[in-house]
Each structure stands twice: as structure tokens, then as C-alpha cells.
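Data first, discussion second: the structure below is written as C-alpha cells.
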Amino acid sequence: MIPVNRPNITEDDIEEVTRVLREGWVSGDAPEVALFETEFAEIHGCAFGVAVPNGSIAIELLLSVMGIGAGDEVILPTFSIISCLAPILRLGAKPIFVDADPHTWNMETGNVEALISPTTKLIMVVHTYGLPVNMAPLMALSKRYGIPLIEDAAESHGLKINDSSCGSFGIASTFSFYANKNVTTGEGGMICTNDEQLYERLKYFRNLTFRDSQRFIHTDLGWNYRFTAIQAALGRSQLRRLKDSIDQRRAIAQKYGAALQDVPGATIAPRKTPYALNDYWVVGIVLEKEKFGPASDVRRKLAESGLQTRPFFFPLHRQPVYLESPSYHSQDLPVADGLHRQGFYPPNGLGSSEKEINDSVQLLGNVLKNWQT
Ligand SMILES: *Cc1c(COP(=O)(O)O)cnc(C)c1O
């Protein structure tokens, strides 16, 4: 089976991890962590980074520290991962979902203004599958209504939107370093910001609300969400290769694109928009229902031929855990529903061999070309 993801861990990465282990300062207080935070934040147009155990905790810590709570409304895309919804529900806030744009699969920015209410406390943007959101209209809304905006940039490390870095637009942005992300530390995450006060509060709550004076007396409840120096060493080494990694993802996407060129009814994620280039974190493919039936039928056939794939997100507004929650309210979001039914992505691991990718491209092309319902 060709796996959907294989991380790329190089000899340099291993050297760097070994170096930190030899140095012996392995905890979250090590200088290595601060170096990774600064280097990663800088690439994303931010002065400060706060590394945490994963991308889901990055969102949860950020929302908690921003004081999101009962009665607050948070606007976010429905076509996204549970990590965006879980903290909203846990904090007792109310998610207000935005449907997807049928072309970019990102949140339909034109639908956001109508969803703003007097209790809207946050706009959460997600750069889906590595194609950045058009930030200009959203930043204008954020400014006009005085509503803070954050970016979940877990799938778009090192990208630009026009001339600004993805992750530098709102009050803060969050990243993940899970094994399938463009910079991996195995597990890991980061919050980036230019707001020094927010930065200090994030660090304080990440570190059990210890203070410099009277260290063991606490006036707030925090968490131990520290990051290890071992992860930081791996992250710094991976970060040095980020440009190459993005180029590699794009080259893989180009191969899939060429194979699907003469397959009517199979659409690959757009290479670019007027404001940004896709990094093809994954190579999303949407199949026409009339020709292929649901994507699950095609995925089953691909699995039989030795190709692992992943379905698209299950829309957040349909998650059983949300339907049961006190924050539930009905919304009709048909584009995201359609994407879930018709979309999937094939293998594109940075650690996959060229042969593995070529085989995968050929297999997918053959199955789709010869498809009969
Ligand atoms: C991967 C991902 C996350 C979650 O990150 P973890 O490190 O796996 O917790 C959150 N948001 C998006 C958009 C992601 O792709």
C-alpha cells in the first residue's frame, strides 16, 4: 500500500536532534526552543512564537487566553478539522459556520459579513489544504466591526498572500508540526503573534502560570503546554528545508495535474489565485458526482489497487458531537457537504520515493480514466 503520507526525516535532522541530546538541555526552557520560536515566527512575519505540544492545543490555548467564553460567537469555516470547533464548544461559545467557496474550498469570504452579530467575538480563518484565503476583505471586516481575527495556518507554512506572510494578518496565527505538515516535529504546534501583551500571556498560561517572583503561588489556572528542545532541534532543521519541501509538494501536484488533464469530471485544487500560490500541502481532487458517483466508491477501488487516500473533511456543522451540544443551531451549507461527498486526496508524502509517487500518479490516472459507474 502506498501511504498517503510519509514524513521526510533527513540525516541533517538526525544530527541536529542528536546534538541537542548530547548537549543535555532537553526541556521546554532550553534555548533551542526559543530559537525555533523566533526563527519560525520571523518567517511568518511575526515577532513572537509560542511553541506548544500540537496544533489543536495552539488553537485551544489561544482562544482561552483571548477570553472566548459562554455567549460569544465565533465565525469559522465549516469545511475544516475538529481542532477548530472543539475549543469553541468546550469554552461554551457558539460556532457560526461559513460555507466553502466551490473553487478554492476555503471559506466563502463574501458570506461572512451577513453572519456578524453584536456577540461575534472572533473570526477564525483556515487556509485549507495549503491554498491561502483572500485576506483583504476579511481584514476590512475585522477592522470595520472591531472583531479580532486569527488564522489557522497549519496547512500553509511559509506561504505569502500578495506580499505578506500567511500567519501575519490577524492578532495571532496557529500552526501544527504533525508528521504530515510541511515542517514536522513529530507532534507540535505554535502560536505566532506581533502582540507583545498577548505573547506574554500565552507564555504565562503555557507554563502553569509560574511567575518570576513567588514562583509557586498562582493567581490563575494554566497548563503545562511546553515544547521540548528535542522537537525544537528537529523543527529548526526542517525549517531550513521549508522552501524545498514546498517545491517538492508542488512538483508532486504537477504530476497529478498532468495525469488528470484528460479526465473530464476530475478537478484538482487550483494552482493559484490572484493573491496567492497553492503550496499543495495535499493534492485535493473533486470528482463529478454524475460521472464517478461518490468519492468513497473511487477511494475503495484505489485501495484495492494499493493506493491509500483520505476523504475530505466532514463538515463541522454536521459533526455528531456538535448536533448534541448546547451551542447547536441549524445551518444549510451545501458546498461543504458536496466537497465532503466528492473530494479526496492521494499520497504526496515528502518522504515518499519518486517511484512511489510516479506509481501513485499512474494508478490514479488509470483508475479514473477507465471509471464506469
Ligand atoms: C493539522 C491541523 C490542525 C491540528 O494540528 P495537530 O497538530 O494535529 O493537533 C489544525 N488545523 C488544521 C487546519 C490542520 O491541518
Side-chain angles (χ1 to χ4, degrees), residues 1-14 81 105 128-131 154-159 176-184 186 238 241-272 277-289 291-313 339-373:
M1 193 74 132
I2 302 177
V4 83
N5 178 58
R6 224 188 252 292
N8 185 20
I9 305 295
T10 65
E11 287 305 316
D12 285 347
D13 293 345
I14 294 166
I81 188 169
W105 314 336
T128 310
Y129 296 159
L131 182 63
E155 302 175 0
S156 55
H157 300 186
L159 285 188
S176 162
F177 307 124
Y178 179 62
N180 65 0
K181 303 295 157 82
N182 282 350
V183 169
T184 185
Q238 291 256 326
R241 286 203 312 278
L242 176 56
K243 275 202 165 60
D244 294 341
S245 300
I246 293 173
D247 287 347
Q248 195 185 335
R249 297 271 204 209
R250 286 177 177 153
I252 293 170
Q254 201 171 9
K255 288 184 180 180
Y256 281 112
L260 298 190
Q261 217 158 27
D262 15 283
V263 182
T267 307
I268 190 166
R271 195 172 66 79
K272 59 177 186 172
L277 293 177
N278 200 336
D279 76 0
Y280 283 110
W281 170 66
V282 297
V283 186
I285 295 165
V286 172
L287 302 173
E288 217 169 69
K289 188 163 124 201
K291 181 164 174 209
F292 293 98
S296 51
D297 289 358
V298 173
R299 290 188 56 236
R300 201 171 309 118
K301 174 81 185 166
L302 291 169
E304 284 166 15
S305 325
L307 199 63
Q308 191 188 35
T309 60
R310 284 260 187 286
F312 270 14
F313 292 127
L339 287 175
H340 167 68
R341 271 194 310 270
Q342 300 308 127
F344 73 102
Y345 50 89
N348 75 330
L350 292 167
S352 294
S353 67
E354 197 166 348
K355 178 178 180 330
E356 218 167 31
I357 294 296
N358 290 344
D359 288 353
S360 166
V361 168
Q362 196 175 27
L363 227 153
L364 178 71
N366 286 344
V367 167
L368 293 184
K369 264 174 220 152
N370 301 316
W371 189 261
Q372 272 163 357
T373 41

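Note: hydrogens, waters and symmetry copies are ignored here, and every other heavy atom, side chains too, is used. Keep in mind that what you see is a predicted model, and the values were worked out from it rather than measured.
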Rounded to the nearest 0.5 Å, what's the gap from CG on Leu277 to OG on Ser156? Could you check?
12.5 Å
Taking the side chain from Glu155 and the backbone from Thr128, do they hold a donor-acceptor pair closer than 3.5 Å?
no
Side-chain donor/acceptor pairs under 3.5 Å, residues 253-271, sequence neighbours excluded:
from, atom 1, to, atom 2, distance (Å)
Lys255, NZ, Asn358, OD1, 2.9
Tyr256, OH, Pro347, O, 2.6
Tyr256, OH, Ser360, OG, 2.6

With a 3.5 Å distance limit and no angle check, can you tell me whether Thr184 reaches the backbone of Phe177 through a side-chain donor-acceptor pair?
yes
Within the side chain of Gln238, is there an N or O that forms a donor-acceptor pair under 3.5 Å with the backbone of Asn8?
yes
Test item: Pro346 and Leu302 side chains (from C-beta on) under 4.5 Å apart, heavy atoms
no
In Å, rounded to the nearest 0.5 Å, how long is the span from CD1 of Ile2 to CG of Leu363?
6.0 Å
Got a second to check how far Ser176's OG is from Ile81's CD1, nearest 0.5 Å?
7.5 Å
As an exercise, state the distance from CZ of Arg250 to CH2 of Trp281, rounded to the nearest 0.5 Å.
15.5 Å
Pair Lys243 + Asp247: basic N to acidic O under 4.0 Å:
no
Under 3.5 Å donor-acceptor, Gln342 side chain and Val286 backbone:
no
Is a side-chain N or O of Arg299 found less than 3.5 angstrom from the main chain of Thr309, in a donor-acceptor match?
yes
Find the distance between CG (Leu159) and CD1 (Ile246) and round it off to the nearest 0.5 Å.
5.0 Å
Can you name the nearest heavy-atom pair linking Arg249 to Asn5, along with the distance?
NH1-OD1, 4.4 Å
With rounding to the nearest 0.5 Å, note down the distance linking NZ in Lys301 to CG in Leu364.
13.0 Å
Side chain Asp297, main chain Gly293, donor-acceptor under 3.5 Å:
no
Does Leu131 offer a backbone N or O that forms a donor-acceptor pair with the side chain of Trp105 under 3.5 Å?
no
Under 6.0 Å between the ring centres of Tyr129 and Tyr280?
no
Donor-acceptor pair, distance only, cut-off 3.5 Å: does the side chain of Ser353 make one with the backbone of Glu356?
yes
Tell me whether His340 contacts the main-chain N or O of Pro311 through its side chain, where contact means a donor paired with an acceptor under 3.5 Å.
no
Flag for Asn182-Asp279: side-chain donor and acceptor within less than 3.5 Å:
yes
Under 4.0 Å between a side-chain nitrogen and a carboxylate oxygen: does that hold for Asp13 and Arg241?
yes
